[in-house]
Structures are given as structure tokens and as C-alpha cells.
Undergrad: 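Before anything else, here's the structure in question.
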Amino acid sequence: MEALDYHAEERRKAEFDVEEMKIVWAGSRQAYEISDRVARLVASDPVFRKDNRTMLSRKDLFKDTLRKAAHAWKRIIELRLSEEEASKLRFFVDQPVFTDLHWGMFIPAIKGQGNEEQQQKWLPMAYKMQIIGCYAQTELGHGSNVQGLETTATFDPETDEFVIHSPTLTSSKWWPGGLGKVSTHALIYARLITDGQDHGVHGFIVQLRSLDDHLPLPGITVGDIGMKFGSGAYNSMDNGVLRFDHVRILRDQMLMGVSQVTREGKFMQSDVPRQLVYGTMVYVRQKIVADASCALSRAVCIATRYSVVRRQFGSHNGGPETQVIDYKTQQSRLFPLLASAYAFRFVGEWLKWLYTDVTQRLQASDFSTLPEVHACTAGLKSVTTSATADAIEECRKLCGGHGYLSSSGLPELFAVYVPACTYEGDNVVLLLQVARFLMKTVSQLGSGKKPVGTIAYMGRSEHLLQCRCEVERAEDWLKPNVILEAFEARAARMSVTCAKNLNNFANQEEGFAQLATDLAEAAVAHVQLIIVSKFIEKLQQDIPGKGVKRQLEILFNVYALSLLHKHLGDFVASGCITPKQGALANEQLRLLYSQVHFDNPSLLLYMVLLLERLLQSTSF
Ligand SMILES: CCCCCCCC/C=C\CCCCC/C=C/C(=O)SCCNC(=O)CCNC(=O)[C@H](O)C(C)(C)COP(=O)(O)OP(=O)(O)OC[C@H]1O[C@@H](n2cnc3c(N)ncnc32)[C@H](O)[C@@H]1OP(=O)(O)O
Ligand SMILES: Cc1cc2nc3c(=O)[nH]c(=O)nc-3n(C[C@H](O)[C@H](O)[C@H](O)COP(=O)(O)OP(=O)(O)OC[C@H]3O[C@@H](n4cnc5c(N)ncnc54)[C@H](O)[C@@H]3O)c2cc1C
């Protein structure tokens, strides 16, 4: 039976309402309809073809990218697409391009850190793309350590200007997307200096190129940093290098929403946390989490198609060979990735709500949830991108030799995706930020300040430090409350153990440095608990459609128990579960794999069919 006939056959046998499952995956009926409409628009437009991009030279690839970006903009205007539809169209074009940074960072930074006048001045031009911006924070010498940035912005009271300068080679701006060829403006992060005093890093809008002939302006040295990982991949993006030689800008080109410099040169730190200067990174990190579920689902789609169609060994009396998806090893590698795609989808939906909530609170000068939002966006960005990058490589390996062919779509997907583990914050550095938040919470236990939100379980640490999982049979692991308590106990015990061990050092900084690896692992445990708990919360919602909720419950158990199996050492070492209970979890996982496979092939194939539309123009 041909693959597509097989798919059609399986769809007819669906154990659940496939149409309703599409709505769950998309987040809402409206979101699904927009996705479906825009995906068809992109897939049917030959200008947006992607199957040739790995064969193009860097120069032709870049020209192809500009052509697509211009065509996308033209279609957005012609079809009067909404902001959501336009964002979807850029997403489905699926080629890193300067507009990612113009729309994804330059504009949000002005909205988040500029004052009212600055928003009114710059946003209309940016929305019409009369100016094209990039986000120029990272330097050759500093990326993770933002407070180590060296570019200076020195206020000149004589002329009411800032002088932007690159004092050292390592202060050269390095990496900003869109900088190398396209951007006319940049949001520069530089050390604000007034009257000889250094006030730390702030944002400044600087014009780089002429709006007439696009040539660099006086004092500006700018260019592309060259080829990156892979052939096509991120080479469609003009990541650039930028140096300033005493470039003068007006005082009102410093973003003044967080702090100000008066005409007299007086630095004014408004009563908002200085970390709001980092707000754009927080915004993008929460978007990256949703993006992880998309990238992961594409890889799972390809590997599932392959696993369902590919046959190898096992022929009896000349009959067909065995489908590789029947092999337990194939199932134990593939199904947790399918489940992870749904888990990241749901935690991404929740994170989008958390970010929207903090944005509204900030407008009312309520900064109470800022630390948690930082910890959640940093932690979830780190954990979901690391897992997704590993998963795409695993999907390549699941497809044998064919997974290594460009035409499989996997090598390109991997090459485009993996920098997500670095950009918007190196994943290890971000985990250490989560650890800092955890240690601060543990240190405040007993102070009367009740932990809330995603860290509320720490308020029950006395119980969690001594509880025993009530698991005597494999099926006991199918109870969400049993799984949740196991993950809470593991996270609480790892954090409390780190906090106790920190006390063995002369000071917190020394302890943090020596225990960094343990702290990063405790951060992962905390973040995985968040993902598990948000999946449970999703299952507690009203989920329409025959059999849909049942499928999601199976995927939840696959996700949680495969994580427990992978990190069994943590769970047993921290005393949360016994080795026997760990063995029962693994036994239950095996039973679940057979369910996912035999009772629900349409779930896999549904993912294939829905995501196939996303892959329409991928050549595989
Ligand atoms: C753009 C596209 C949009 C759509 C996305 C779709 C999917 C993506 C697909 C394609 C797009 C690709 C885009 C790639 C573009 C890439 C861009 C970049 O990479 S931009 C540069 C990113 N750089 C970083 O992330 C730097 C990481 N480093 C930092 O953030 C900071 O240096 C730090 C590590 C946090 C340390 O900062 P600092 O030294 O100032 O602080 P600390 O001393 O550690 O902590 C002091 C207290 O401040 C709190 N804190 C720190 N950060 C924040 C924050 N962001 N928000 C709130 N609070 C914060 C910290 O917790 C400490 O608090 P206390 O412990 O003192 O209470
Ligand atoms: C494809 C791509 C696009 C990018 N786009 C942009 C952009 O548009 N704008 C922009 O401003 N930047 C951009 N960046 C830069 C990106 O933000 C930085 O690369 C990132 O912040 C990491 O900084 P770094 O490269 O200087 O590495 P470092 O910060 O020097 O880190 C190097 C290594 O040291 C480790 N390390 C560092 N500090 C610690 C610590 N305290 N504890 C333990 N380990 C540590 C890290 O884990 C890392 O492995 C982009 C990067 C890439 C790859």
C-alpha cells in the first residue's frame, strides 16, 4: 500500500476526532484556520519554494531571501493580512531573514523601552519598513555578559548629543542579524556615560546607512561576518559586524522608557527595575519556546513518515518486511519526541499568557512577577531548545541513511535550529539564572514570604523532602497527581540540597562557581516540573472531540515517564522513588508505546498530515 493510501486509510480509522485535535494543536479554531490558510498560501506560491536553497551559493541564497522577503511584504499588503497572519506568513517562509529581527526585536524594543514620544517618532516608520532595524547588543568580546559590553555612549552637554564609540576591537558589535547588508538603523546597547560616570548598559537608536543610497554613514564601519554552520541554513541571514568612530546622535535617541538623561546631562533612573532594559530578550525567549514545538513537530513528522513507510527485516515466507515503527527501540526513541512536541506546545501557550500578564502588570508599575517571568522564560527557552536540537538529530538517526540526505529536510532543519541553544542567551548561562532564582527562593523559606506561582511547591518542601511515591503497580504511574508529586519532590530536593551545600563555602559567589553543575541540574528539574504541570493543567481543561483528551493523556504519560526514565538517577538519588518504582515506570512506558503505536496510528499520522502542510515545500 502506498504511503499516502496508508495515511488515508489510517485517517479513516482514527480513534479520535482529527479535526478537533488540529484545533488543540493550533491553540484555537481561529489560530488553526489562519495557520491553514497561510500555509496553503505559502505552499502554493512558487516564489516561496525552499527545495533549492541548499544548492545556492551564499550570494544567490541571500538574493533569494531578499526576493522572498519583498514578495512576502507585497503579499501582506495586497491581501491586507493581519499582524497574526503576517507573522504566520513570515514563519512559513521559514528562512532566517532580516525581517525576523526588525519585527521580532527592533520594534518590540522600542515599544518596551522607548517613551511615548519615541514610540510615536520611530514606530510608524518601522511599521511601514521605511527604516529597517536590527538588535545590536552582542559584541566580539561579550555576549552572555551584557554588563561587560564595551561600546560607549558618552553624553556631550555642549551639543546635547551622545557620542557612540567602539573603543576596542572586542567592542565591535558582532552577530546582529540583518546588520551585515540590510538594516538602516540599529538598536545599540552601550555603556551610558555622563559627566565621567558609567551608568551601565542602555539602548540607543542609531542610523547606520543612508536612506538615499544605503551606504554606511560617516564613522560607521559595517559588514557581514561570513558563512555559518551548514550550507543553506542561517546563511540566508546577514549577521554582521559594526564599529563606531565617534558617531554623534541626538539625546532623544537614547531609549528613555527605563531611564533618562536630562538636557543638563543628569542621569535619572526611573522607579522601574533596571532589568527592563533586558525586556526584549525576555519577549523573544517566550516566543522561542513556542517555536521549539514547531521545529520539533516538523522533525517528528518526517521521522514518523519514514518509520511508518520504511520496512526492514522480518519477512516471513516472502511476505512484507517489518515496518521499522514496530521496533521497540524505534518507538522508545520516537514517541517521547512526539509527546514532547505537544508538551512544548502547551507550556508555550501558558508562557505567552505569563508574558502578557507581566506586560500588563508593568504598565501598572507592578513588578512583583518579573523575577518569576525571567526565570520561566530563561529556563523554558534553555530546556526546550536543548531538547529540540537533540531531538532533530535523533530524528535524523531514526531515518537511517535517508535522514542524512538534504532532501529529507532534516539536515537543514537541524542547521537552522541549533543556534537557538545559543542566541537569546546561552542555555547554560540561562539555567544558572534559574538556579539563582531557586536559591533565592529556598533562602527565603521560613521568612514568612510564601512562594507562589511556578515555585509554589517550594512552600511544601517539608512534605516533599520526606514523601514517598505511592506506586506499587505499573498502572499507578498513570495518575497525574502521582507523577506531579514525584517531579515536585525531585525538584525541591535538588534545590534544597544545593542550598545546603552552598553553605559549605566562604561566600555565595564561590559556592555558586563550585556548584554550578549541580545548580544547573536543579534548574532543569524545576523547569521540567513546570512543563509537566502545565501539561496536566491543559488536560484539566475542557477538550472537545471524540477521543482527543484520551490521546493527550497518553502523550502526557509518555512525556512524563520518558523524562522520569531518562533522569531516573535524580529521582532515586534524591530518594523520591525507589529503584523498583523506577522499573515499574519503565514497564508502564513500554505499555504506553504499544498503545501510541497500535491504538493510535492516526495520532502519529495526524501529526504527519497536519505538519505535512507545514512541510509542503520541503522536498522530502
Ligand atoms: C527575533 C524573532 C522573534 C520571533 C521568535 C520566533 C522564533 C525564533 C526564530 C528565529 C529568530 C532568531 C532570532 C535570533 C536573534 C538573536 C538575538 C540575540 O541573541 S540578542 C542577544 C541575546 N543575549 C543574551 O541573551 C545575553 C544573556 N545575558 C543576560 O541576559 C544577562 O547578562 C544575565 C546573564 C541575565 C546577567 O545579567 P546581569 O549581570 O545584569 O544580572 P545578574 O547580576 O545576573 O542579576 C541581577 C538581577 O537581575 C535579574 N535579572 C537578570 N536578567 C533579568 C531579566 N531579563 N529580567 C528580569 N530580571 C533579570 C537577576 O535575576 C538578578 O535578580 P536578583 O537575583 O538580584 O533578584
Ligand atoms: C545565529 C545567531 C544569531 C544571533 N543574532 C544576534 C542578534 O541579532 N543580536 C545580538 O545582539 N546577538 C545575536 N547573537 C549573539 C548571541 O546572543 C550570543 O552568541 C550569545 O549571547 C552567547 O554569547 P557569546 O557568543 O559571546 O558566548 P559567551 O557568552 O562568550 O559564552 C561562550 C561559552 O562560555 C560559556 N559560559 C559563558 N559564561 C558562563 C558562565 N557564567 N558560566 C558557565 N558557562 C559560561 C557558555 O556556556 C558558552 O558555551 C546571535 C548568535 C547566533 C549564533
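All ligand and atom numbering here is 1-based and tracks the order in the structure. Every value quoted in this text rests on a predicted model; they were computed, and no experiment measured them.
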Undergrad: Just checking Y283 against Y355, ring centres under 6.0 Å apart?
TA: yes
Undergrad: Would you mind checking which non-hydrogen protein atom is closest to atom 3 (C) of ligand 1, with the distance to 0.1 Å?
TA: G104 CA, 3.7 Å
Undergrad: Judged by non-hydrogen atoms, does P371 sit under 4.0 Å from ligand 1?
TA: no
Undergrad: Which is it for Y135 and ligand 1 at heavy atoms under 4.0 Å: side chain, backbone, both or neither?
TA: side chain
Undergrad: Do E393 and R396 meet the salt-bridge criterion of a basic N to acidic O distance under 4.0 Å?
TA: yes
Undergrad: For atom 21 (C) of ligand 1, grab the closest protein heavy atom and report residue, atom and distance to one decimal in Å.
TA: Q137 NE2, 3.6 Å
Undergrad: Would S144 count as a contact residue for ligand 1, given that I'm defining contact as a non-hydrogen atom of the residue lying under 4.0 Å from a ligand atom?
TA: yes
Undergrad: How long is the span from the CZ atom in R191 to the OG atom in S171, to the nearest 0.5 Å?
TA: 11.5 Å
Undergrad: Is there a polar contact between ligand 1 and G425, counting only N or O atoms under 3.5 Å apart?
TA: yes
Undergrad: Can you tell whether the side chains of D366 and R361 come within less than 4.0 Å, N to carboxylate O?
TA: yes
Undergrad: Could you give all pairs that pass the side-chain hydrogen bond (donor to acceptor under 3.5 Å, both in side chains) test and reach residues 446-456, with sequence neighbours left out?
TA: E372-T454
Undergrad: Atom OG1 of T356 and atom CD of Q286: how far apart are they, to the nearest 0.5 Å?
TA: 7.0 Å
Undergrad: Applying a strict 4.0 Å limit to heavy atoms, is Y234 in contact with ligand 1?
TA: yes
Undergrad: Among all the protein's non-hydrogen atoms, which is closest to atom 9 (C) of ligand 1, and how far away is it?
TA: Y423 OH, 3.9 Å
Undergrad: Going by the atom numbers of ligand 1, which of them fall below 4.0 Å from some non-hydrogen atom of G143?
TA: 26 (C)
Undergrad: Hey, is R285 touching ligand 1 through its side chain, its backbone, both or neither, going by heavy atoms under 4.0 Å?
TA: side chain
Undergrad: Considering only heavy atoms of L101, which atoms of ligand 1 have at least one such atom less than 4.0 Å away?
TA: 15 (C)
Undergrad: Given L362, which partner from the list T369, L276, D357, V373 fulfils the side-chain contact (heavy atoms from CB on, under 4.5 Å) test?
TA: L276
Undergrad: From atom 1 (C) of ligand 1, work out which of L370, N239, D100 has a heavy atom at the shortest distance.
TA: D100
Undergrad: From I76 CD1 over to S82 OG, what is the distance, rounded to the nearest 0.5 angstrom?
TA: 9.5 Å
Undergrad: Identify which of K381, H102, E424, H374 has a heavy atom lying nearest to atom 53 (C) of ligand 1.
TA: H374
Undergrad: With the threshold set at 4.0 Å, does a side-chain nitrogen-carboxylate oxygen contact exist between E85 and R37?
TA: yes
Undergrad: Starting from atom 42 (P) of ligand 1, which protein heavy atom do you reach first, and at what distance in Å?
TA: R436 NH1, 3.5 Å
Undergrad: Give every pair made of an N or O atom of ligand 2 and a protein N or O atom lying under 3.5 Å apart, one pair per line with both atom names and the distance to 0.1 Å, or write 'none'.
TA:
from, atom 1, to, atom 2, distance (Å)
ligand 2, 8 (O), G177, N, 3.0
ligand 2, 9 (N), Y135, O, 2.8
ligand 2, 11 (O), Y135, O, 3.4
ligand 2, 11 (O), Q137, N, 3.1
ligand 2, 11 (O), T138, N, 2.9
ligand 2, 11 (O), T138, OG1, 3.2
ligand 2, 12 (N), T138, OG1, 2.8
ligand 2, 17 (O), T138, OG1, 3.4
ligand 2, 23 (O), S144, N, 3.4
ligand 2, 26 (O), G143, N, 3.2
ligand 2, 29 (O), S144, N, 3.0
ligand 2, 29 (O), S144, OG, 2.5
ligand 2, 47 (O), D426, OD1, 3.3
ligand 2, 47 (O), D426, OD2, 2.7

Undergrad: Kindly indicate, with the supporting measurements, whether the criterion salt bridge (Lys or Arg N to Asp or Glu O under 4.0 Å) is fulfilled by R298 and D94.
TA: CA-CA 12 Å; R298 291 184 178 192; D94 183 31; 3.0 Å; yes
Undergrad: Establish, from distance only, whether the side-chain atoms of S172 and E139 form a donor-acceptor pair under 3.5 Å.
TA: no
Undergrad: Please check if any side-chain donor atom of S166 sits under 3.5 Å from a side-chain acceptor atom of R243, or the reverse.
TA: no
Undergrad: Among side-chain atoms of K68 and Q95, is any donor-acceptor pair under 3.5 angstrom?
TA: yes
Undergrad: For ligand 1, which atoms have a heavy atom of M281 less than 4.0 angstrom away?
TA: 22 (C), 23 (N), 24 (C), 25 (O), 26 (C), 30 (O)
Undergrad: Would Q275 count as being in polar contact with ligand 1, using the rule that some N or O on each side must be under 3.5 angstrom apart?
TA: yes
Undergrad: Considering only heavy atoms, does D291 approach ligand 1 within less than 4.0 Å through its side chain, its backbone, both, or neither?
TA: side chain
Undergrad: For Q147, counting its heavy atoms only, list the atoms of ligand 1 lying under 4.0 Å from any of them.
TA: 39 (O), 40 (O)
Undergrad: Could you name each residue pair satisfying side-chain hydrogen bond (donor to acceptor under 3.5 Å, both in side chains) that touches residues 410-436, not counting sequence neighbours?
TA: R53-E412, H374-Q433, K381-N427, T385-N427, S386-N427
Undergrad: For residues 516-530, which residue pairs qualify under side-chain hydrogen bond (donor to acceptor under 3.5 Å, both in side chains), counting only residues two or more places apart or in two chains?
TA: Y457-H526, R490-Q528, Q528-H567
Undergrad: Give the ring-plane orientation class for F106 versus H185, where under 30° counts as parallel, over 60° as perpendicular and anything between as tilted.
TA: tilted
Undergrad: Hey, which atoms in ligand 1 end up nearer than 4.0 Å to a heavy atom of M105?
TA: 1 (C), 17 (C), 20 (S)
Undergrad: Show which atoms of ligand 1 fall inside a sub-4.0 Å distance from at least one heavy-atom site of V429.
TA: 34 (C)
Undergrad: Could you tell me whether the side chains of Q137 and Y135 share a donor-acceptor contact shorter than 3.5 Å?
TA: yes
Undergrad: Atom 4 (C) of ligand 1: which protein heavy atom is closest, and how many Å away?
TA: K287 CE, 3.6 Å
Undergrad: Give the atoms of ligand 1, by number and element, whose distance to some non-hydrogen atom of K440 is under 4.0 Å.
TA: 64 (P), 67 (O)
Undergrad: Given T151 and H165, is the side chain to side chain donor-acceptor pair (under 3.5 Å) satisfied, shown in steps?
TA: CA-CA 6 Å; T151 301; H165 184 58; over 6 Å; no
Undergrad: Identify the closest protein heavy atom to atom 40 (O) of ligand 1: which residue and atom is it, and at what distance?
TA: Y278 OH, 2.5 Å
Undergrad: Suppose we measure from atom 44 (O) of ligand 1 to each protein heavy atom; which comes out shortest, and what is that distance?
TA: Q433 NE2, 3.0 Å
Undergrad: What residue and atom, counting heavy atoms only, is the protein's closest point to atom 8 (C) of ligand 1, and at what distance?
TA: I288 CG1, 3.9 Å
Undergrad: Which distance, rounded to the nearest 0.5 Å, do you find between the OG of S259 and the CZ of F267?
TA: 4.0 Å
Undergrad: Of all the atoms in ligand 1, which lie at a distance below 4.0 Å from a heavy atom belonging to R274?
TA: 40 (O), 41 (O), 46 (C)
Undergrad: May I ask you to identify, for L430, whether its side chain, its backbone, both or neither come under 4.0 Å of ligand 1 on a heavy-atom basis?
TA: neither
